[in-house]
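To start, the structure itself, in structure tokens.
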Protein chains: 2
Amino acid sequence: MKTLTADANKTHRKILKKTKQKEAILRVLKNTMSHPTAAWIYDEVRKELPHISLGTVYRNLRLLRAQGEISELEIIGDCRRFDGDTSNHYHGRCDRCGQVVNIDESMSKRLDWGISRETDFTISEYRLEFHGLCRDCRKLETKE
Amino acid sequence: MKTLTADANKTHRKILKKTKQKEAILRVLKNTMSHPTAAWIYDEVRKELPHISLGTVYRNLRLLRAQGEISELEIIGDCRRFDGDTSNHYHGRCDRCGQVVNIDESMSKRLDWGISRETDFTISEYRLEFHGLCRDCRKLETKE
DNA sequence: CTACTTGCAAAATATTTGCGTTATT
DNA sequence: AATAACGCAAATATTTTGCAAGTAG
């Protein structure tokens with residue numbers, strides 16, 4: 001029985017090299033709370049490395065994600081968004097302005113489902129996204 | 001103070017017309033559990049309406065979503081996925097095969113956070129996605 | 001009739017990839 | 001030296017849109 005993906009992980013793993021491009025991308029992502037897109041990261045990194053290419057940004061985002069150094073958000077929209085904070089925290093997305101905000105991490109403590117004991121699905125991770133209105137937009141809403 | 005999006009919703013709302021294309025798309029989506037992509041829906045509807053265009057599928061998926069008749073999944077992947085079941089249920093995505101499964105709806109009863117009272121975010125909806133292994137893939141995993 | 005919707009094709013976005021070169025180990 | 005990673009440009013998706021013609025209300 002062939003199990004290609006698993007085998008690929010086991011046999012000869014690639015030796016990852018450290019490059020200034022990868023480091024710059026990771027630094028940009030760790031230093032923002034803005035859940036940026038690949039294009040935004042590209043613009044930001046270009047201030048430091050003007051000749052970096054968008055392809056390199058995408059390649060490194062994929063590498064970094066595979067290594068678990070960054071995570072990718074499950075957000076409906078035009079393009080993917082990434083997060084330098086890989087800790088277990090949740091996101092709120094404002095239905096009006098589209099802003100993605102962090103939901104306080106203490107909330108995570110209440111998540112203890114034991115679902116894996118009750119369903120036929122073994123959970124390794126869960127991602128929770130709240131939809132609603134952020135503080136500023138709620139103010140606008142009530143004024144109308 | 002201008003609040004464009006809200007105004008747009010209030011002033012002259014468009015009268016939606018019933019078309020066979022829209023009905024076919026909705027029917028396909030209501031009759032599958034597969035959380036399909038726009039392209040899959042297109043192929044499926046074309047069996048019945050061979051001349052429908054992909055643009056029409058996309059246009060109607062957006063309309064139906066705006067009306068709340070279907071929902072869109074927050075899934076990391078190549079393209080968007082839709083769901084004809086708009087009830088509050090959760091999804092599990094298999095890390096190995098990519099399959100999206102439904103998590104039993106009874107689980108929903110346990111979600112009573114009261115987060116909106118504790119945070120500065122007014123929640124209208126939440127979406128929860130579990131990541132892990134589905135039954136079949138877990139069997140493969142343990143055999144290795 | 002009016003104006004929403006369609007099919008088609010072209011455009012706009014977003015992401016990946018081939019290739020010859022550069023840089024890291 | 002070997003090979004991972006780069007920059008660039010071309011190739012792939014994926015999704016949106018302009019427009020003339022069709023159709024529901």
Side-chain angles (χ1 to χ4, degrees), chain A residues 8-9 11-29 35-67 69-82 98 100, chain B residues 8-9 11-29 35-67 69-83 98:
Chain A
N9 284 331
T11 54
H12 79 138
R13 68 164 6 80
K14 209 184 213 183
I15 291 154
L16 300 174
K17 293 180 178 177
K18 187 187 291 187
T19 68
K20 56 181 189 295
Q21 290 88 345
K22 186 183 301 176
E23 288 176 318
I25 290 165
L26 189 55
R27 188 164 357 97
V28 163
L29 215 32
H35 311 92
T37 64
W40 187 91
I41 295 165
Y42 173 57
D43 285 337
E44 206 61 22
V45 172
R46 233 182 345 173
K47 292 174 184 168
E48 184 184 340
L49 303 171
H51 294 296
I52 195 174
S53 77
L54 189 52
T56 297
V57 172
Y58 274 109
R59 262 186 296 237
N60 277 309
L61 286 173
R62 197 162 15 152
L63 281 175
L64 290 167
R65 185 157 84 86
Q67 288 180 262
E69 301 225 47
I70 66 175
S71 63
E72 190 175 339
L73 301 190
E74 316 263 353
I75 296 284
I76 288 174
D78 306 36
C79 50
R80 306 178 180 180
R81 286 173 177 276
F82 299 87
V100 178
Chain B
N9 284 331
T11 54
H12 80 138
R13 66 164 7 79
K14 208 182 214 185
I15 292 154
L16 299 175
K17 293 180 176 176
K18 187 187 292 186
T19 67
K20 57 181 189 294
Q21 290 88 344
K22 188 183 299 177
E23 289 176 318
I25 290 166
L26 190 55
R27 188 166 355 99
V28 163
L29 216 30
H35 311 93
T37 64
W40 187 91
I41 295 165
Y42 173 57
D43 285 338
E44 207 60 20
V45 172
R46 232 179 347 171
K47 292 174 183 168
E48 184 182 340
L49 303 171
H51 294 295
I52 194 174
S53 76
L54 188 52
T56 297
V57 172
Y58 275 108
R59 263 185 298 236
N60 278 308
L61 286 174
R62 199 164 12 153
L63 281 176
L64 291 167
R65 184 156 84 87
Q67 288 180 264
E69 300 225 47
I70 65 174
S71 62
E72 189 175 340
L73 300 190
E74 316 262 355
I75 295 283
I76 287 174
D78 306 36
C79 50
R80 304 177 181 182
R81 286 172 177 277
F82 299 88
D83 194 343

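Lettering of chains follows the sequences in order, A, B, ..., and the numbering in each one begins at 1.
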B/I25 side chain reached by B/V28 side chain, heavy atoms, under 4.5 Å: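 Of all side-chain heavy-atom pairs linking B/I25 with B/V28, none is under 4.5 Å.
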
Looking at [atom1] of [X] and [atom2] of [Y], how far apart are the two atoms once the value is rounded to the nearest 0.5 Å?
X     : Y     : atom1 : atom2 : value
B/Q21 : B/H51 : CD    : NE2   : 11.5 Å
A/K17 : A/I15 : NZ    : CD1   : 8.0 Å
B/L61 : B/I41 : CG    : CD1   : 4.5 Å
B/K22 : B/K20 : NZ    : NZ    : 13.0 Å
A/Q67 : A/N60 : CD    : CG    : 9.5 Å
A/R62 : A/F82 : CZ    : CZ    : 10.0 Å

Residue mapping more 5' on DNA chain D - nearest nucleotide basis, B/T37 or B/K18: B/T37

Residues from residues 45-58 of chain A lying under 4.0 Å of DNA chain D - heavy atoms: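 A/H51, A/I52, A/S53, A/T56 - these, ordered by number, are the residues of the stretch whose heavy atoms sit under 4.0 Å from the strand.
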
Under-3.5 Å N/O pairs linking protein and nucleotides 1-4 of chain D:
unit_1, atom_1, unit_2, atom_2, d
D/dT3, O2, A/K17, NZ, 2.6
D/dA4, O4', A/K17, NZ, 3.3
D/dA4, O3', A/I15, O, 3.3
D/dA4, O3', A/K17, N, 3.4

Shortest non-hydrogen contact from A/L29 toward A/P36: CD1-CG, 3.6 Å

Side chains of residues 43-50 of chain B: which donor-acceptor pairs under 3.5 Å do they make with residues two or more places apart or in other chains?
unit_1, atom_1, unit_2, atom_2, d
B/D43, OD1, B/R46, NH2, 2.9
B/E44, OE1, B/K47, NZ, 3.3
B/E44, OE2, B/K47, NZ, 3.3
B/R46, NH1, B/Y42, OH, 3.4
B/E48, OE1, B/R27, NH1, 3.0
B/E48, OE2, B/R27, NH1, 3.4

Chain A contact limits on DNA chain C, taken 5' to 3' with a cut-off of 4.0 angstrom to heavy atoms: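 Contact span on the strand: C/dA14 to C/dT25.
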
Under 4.0 angstrom between B/R62 side-chain N/O and D/dT17 OP1 or OP2: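 Looking at the OP1 and OP2 atoms of D/dT17, one of them is under 4.0 Å from a side-chain N or O of B/R62.
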
Whole-Å gap separating [atom2] ([N]) and [atom1] ([X]):
X     : N      : atom1 : atom2 : answer
B/E23 : D/dA24 : CD    : C1'   : 11 Å
B/R59 : D/dT17 : CZ    : P     : 10 Å
B/L63 : D/dT15 : CG    : P     : 16 Å

Helix axis bend for the helix from C/dC1-D/dG25 to C/dT25-D/dA1 - C1'-based end axes, five pairs, 10° rounding: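 About 40°, once rounded to a multiple of 10°.
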
Any residue meeting side-chain contact (heavy atoms from CB on, under 4.5 Å) with B/S53, in chain and number order, not counting sequence neighbours: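 Partners of B/S53 by the side-chain contact (heavy atoms from CB on, under 4.5 Å) criterion, ordered by chain and then number, come out as B/T56.
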
